[in-house]
Amino acid sequence: MKNQELAKIFYEIADFLEMEEIAFKPYAYQKAAISLDTLEEDAAEIYKKGGLKALEKIPGVGKSIAEKIEEYLKTGKIKHYQDLKKKMPVQIEELTAIEGVGPKTVKALYKSLKIKNIEDLEKAARVHKIRGLPGFQEKTEKNILQGIAFLKRSKGRFLLGEILPQVKEILGQLKTLKEVEQISVAGSVRRMKETIGDVDILIVSKKPDKVMDFFVSMPGIIKVWAKGPTRSSIRVEQGFDIDLRVVAKKSYGSALQYFTGSKEHNIATRRLAIEKGLKLNEYGVFKNKKMIAGWREPGVYRAIGLVWMPPELRENQGEIEAALRQVQGKLNGLPKIIGYQDIKGDLHCHSDWDGGNNSIEKMAEAAQQMDYEYLGITDHTKFLRIEQGLDERQLAQQRKEIEKINAKIQNPNYSKSNPKSKFQILQGCEANILNDGSIDIKDEALKKLDYAIAGIHSSFKMPKAKMTERIIKAMKNPYIKIISHPTGRILKKRDEYQCDFEKILRAAKTFGIVLEINSQPRRLDLNDQNIRRAKEMGIKMVINTDAHHTSHLRFMDLGIAQARRGWAEKKDIINTQPLDRLLKNFKK
DNA sequence: GCCGTTTTCGGCCCGACTGTTTTCAGTCG
């Protein structure tokens with residue numbers, strides 16, 4: 001699929017044009033890039049079917065950008081883009097990924113110091129060449145170094161959300177081979193960790209050579225690091241590495257256990273095996289050199305005195321002890337963590353009312369296809385002008401529109417893809433918590449909604465005490481039911497904002513506030529650790545996608561995975577409740 | 001460069017924050 005490649009180029013063109021201070025064009029390219037990024041149909045297919053005219057039907061794509069797409073599909077290049085790069089040969093994407101560095105800064109740094117990439121920039125900043133340039137002083141130099149350090153900490157790691165679709169695709173391809181008897185992903189992907197170093201896939205096959213030949217010649221591979229009968233290693237276009245291992249059928253369970261990890265979990269399980277006079281490795285569980293388990297994963301756990309546990313729990317964060325208690329029939333065994341099928345609706349998504357991509361009706365249709373009972377439309381409110389936030393009057397208008405669509409959907413004659421399910425759109429909003437902790441929408445308007453979410457979208461760098469107070473004040477508003485993305489972190493980009501999270505948790509408990517587990521691949525906020533703490537305190541949570549596009553509703557699995565990693569059970573998550581119970585609880 | 005119940009030109013991308021200023025430029029959401 002060429003869509004993402006094209007999107008990347010158009011994002012870069014937008015940055016280059018911004019450098020040149022060209023008005024409005026960057027915005028147009030950005031819009032086209034976003035549009036392509038979220039487009040479900042392949043641009044190459046669209047072009048094949050309908051030519052330039054069909055490309056121009058893509059939102060944000062007009063004559064000029066359609067021609068550039070055509071040029072790229074035909075030649076693999078876009079001349080306009082290459083000219084821009086020639087004029088300013090900088091790694092624009094890499095440099096602007098540094099927090100606080102944008103196109104103008106990149107341009108100034110290139111003009112004065114010929115800085116082309118992060119390496120150049122870090123060197124220059126370290127020897128204090130940045131300070132003293134017009135508009136740059138000590139503080140900016142420090143911020144740049146901090147930004148680079150942050151980026152490096154997460155370098156080489158990829159977001160679960162960007163890797164998972166690729167892994168599913170590759171597993172699907174391998175499964176088509178008749179030589180593959182068994183196959184599974186292992187490692188941190190199987191544990192659904194928020195970021196991933198590389199991907200491990202295990203298979204059982206009688207003809208490993210054939211499987212390996214197929215593996216290293218799959219489309220989208222840019223490098224083959226190693227190819228052998230038991231292990232091959234490749235790098236794919238997206239930049240991450242995949243290891244494929246062929247293991248013996250009788251060792252499949254123990255290999256899966258071993259390669260799933262985590263390392264800490266494995267150390268603990270091996271220690272447990274030793275205590276029982278056993279040896280556990282990737283080939284099996286052995287008693288005096290005699291193999292007693294290894295064929296299947298549950299058998300491996302049973303052999304060392306445990307019970308099988310979901311990969312999301314395997315971090316040696318108490319799961320081994322819990323499993324032992326369970327085996328001994330004691331209280332506090334393994335949690336019955338929430339399942340991937342337990343969610344009944346999504347309570348945080350955006351429509352085209354606040355500049356999102358799809359209409360309320362389209363979002364609702366997509367939610368119905370996911371077998372949901374309800375979908376909460378929670379558009380941004382007026383403080384966020386760039387997102388075209390709604391004011392009190394627009395919220396009232398939107399209410400009428402939602403009632404109209406609900407009446408239409410609930411009409412028995414409505415042609416629906418899923419005729420059995422009842423479905424209702426709820427109206428909420430994602431209001432802004434202003435600097436003083438007040439909400440940017442009047443109580444009288446909040447009151448008329450089914451529920452309201454509040455979130456922080458500005459002033460992330462407040463002092464800790466003030467930020468804590470700010471959030472707690474918002475929680476005291478009787479109409480606010482949910483706090484969205486409670487810690488504000490952006491993976492690979494920005495740390496959490498400073499706040500006393502324990503205090504926030506206590507306040508959430510006191511005021512009956514539900515904390516969100518935001519499923520956006522870059523957020524996953526709350527994270528697994530915080531989910532666990534919230535659960536321990538008996539605080540309710542909600543898993544939401546924060547979708548700005550129908551396709552984003554699919555992020556739900558990422559949020560559920562983090563909830564599972566945080567030991568959350570079905571009862572801890574409010575959107576596992578059927579609609580009537582949910583609404584009753586909101587009224588309380 | 002895109003778009004159209006303002007329809008082939010003229011809008012679109014606003015406001016807060018930060019770090020640099022002494023009235024502003026760049027970045028971010």
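Computed from a prediction, not measured in an experiment: that's the story for all the values here.
- Straight-line distance between the C1' atoms of B/dC2 and B/dT6: roughly 16 Å, to the nearest whole Å.
- Among B/dT18, B/dT27, B/dA16, the nucleotide with an atom closest to any side-chain atom of A/Pro103 is B/dT27.
- For the OP1/OP2 pair of B/dG29 and a distance below 4.0 Å, the side-chain nitrogens and oxygens of A/Ser458 include no atom meeting the criterion.
- The separation of B/dT23 from B/dG15, taken at their P atoms, amounts to 23 Å, rounded to a whole angstrom.
- A cation-pi arrangement is absent between A/Lys152 and A/Phe150, since the terminal nitrogen or guanidinium carbon is not both under 6.0 Å from the aromatic centre and inside a 45° cone about the axis.
- A gap of 16 Å separates the C1' atoms of B/dC13 and B/dA25, to the nearest Å.
- Backbone-only engagement by A/Thr105 is indicated by non-hydrogen atom pairs under 4.0 Å involving sugar-phosphate atoms exclusively.
- Where A/Asn143 and A/Glu21 each meet DNA chain B at their nearest nucleotide, the meeting point lying more 5' is that of A/Asn143.
- Atom P of nucleotide B/dG29 and atom CD1 of A/Ile34 are separated by 13 Å, given to the nearest angstrom.
- Straight-line distance from the NE2 atom of A/His380 to the C1' atom of B/dG29: 8 Å, rounded to whole Å.
- One interatomic measurement links the two molecules: CG of A/Leu434 to P of B/dA16, which rounds to 10 Å at whole-angstrom precision.
- When the nearest nucleotides of DNA chain B are assigned to A/Pro59 and A/Ala97 by heavy-atom distance, the more 5′-ward of the two goes with A/Pro59.
- B/dT22 sits 23 Å from B/dA16 when the P atoms are compared, rounded to a whole Å.
- Of the side-chain N and O atoms in A/Thr140, none sit less than 4.0 angstrom from OP1 or OP2 of B/dT18.
- For the OP1/OP2 pair of B/dA16 and a distance below 4.0 Å, the side-chain nitrogens and oxygens of A/Lys461 include no atom meeting the criterion.
- The interatomic distance linking A/Lys139 (NZ) with B/dT21 (C1') rounds to 15 Å, in whole Å.
- Using a 4.0 Å cut-off, some side-chain N or O of A/Asn435 falls inside it from OP1 or OP2 of B/dC17.
- Residue-level contact check: A/Ile98 touches the backbone only, with heavy atoms under 4.0 Å from sugar-phosphate atoms and none from bases.
- Among the heavy atoms of the strands, none lies under 4.0 Å from A/Lys31.
- Contact annotation for A/Lys107: no contact, since no heavy-atom pair falls under 4.0 Å across all strands.
- If you check every strand for non-hydrogen atoms under 4.0 Å, A/Arg131 touches nothing.
- Under the Watson-Crick or G-U wobble criterion, with both distances below 3.5 Å, B/dC2 is paired with B/dG11.
- A/Asp528 has no carboxylate O lying under 4.0 Å from a charged side-chain N of A/Arg532, or vice versa, which leaves the two without a salt bridge.
- Applying the 4.0 Å criterion to OP1 and OP2 of B/dG29, one finds that A/Arg494 has a side-chain N or O inside that range.
- Listed nucleotides B/dG1, B/dC13, B/dG19 differ in distance to A/Pro26; the shortest reach to its side chain belongs to B/dC13.
- Comparing the C1' positions of B/dG26 and B/dT21 gives an interatomic distance of 13 Å, to the nearest angstrom.
- Atom CZ of A/Phe460 is separated from atom P of B/dA16 by 14 Å (rounded to the nearest Å).
- Under the 4.0 Å criterion applied to side-chain N and carboxylate O atoms, A/Glu41 and A/Lys49 are assigned as salt-bridge partners.
- Salt bridge annotation for A/Arg494-A/Glu99: absent, with no cationic side-chain nitrogen under 4.0 angstrom from a carboxylate oxygen.
- In the set B/dT20, B/dG29, B/dG26, the nucleotide with an atom closest to the side chain of A/Gln137 is B/dT20.
- Taking atom P on both nucleotides, B/dG11 is separated from B/dT18 by 34 Å, rounded to a whole Å.
- At a threshold of 4.5 Å between non-hydrogen side-chain atoms, the residues A/Asn530 and A/Leu505 do not count as touching.
- Listed candidates were B/dC17, B/dC13, B/dG1. Nearest to the side chain of A/Ser459 is B/dC17.
- The separation between A/Lys104 atom NZ and B/dC28 atom P is 12 Å, rounded to whole Å.
- The distance from atom CD1 of A/Ile144 to atom P of B/dG19 is 12 Å, rounded to the nearest whole Å.
- With 3.5 Å as the limit, one finds no donor-acceptor pair spanning the side chains of A/Tyr479 and A/Lys448.
- Comparing the P positions of B/dG10 and B/dC17 gives an interatomic distance of 36 Å, to the nearest angstrom.
- A pairwise comparison of heavy atoms in A/Ala28 and A/Ile65 identifies O-CD1, 4.3 Å as the closest pair.
- The ring of A/Tyr27 does not lie on top of the base of B/dC13; it is either too far (5.5 Å or more) or too tilted (30° or more).
- In this structure, A/Lys25 places its NZ atom 15 Å from P of B/dC3, rounding to the nearest Å.
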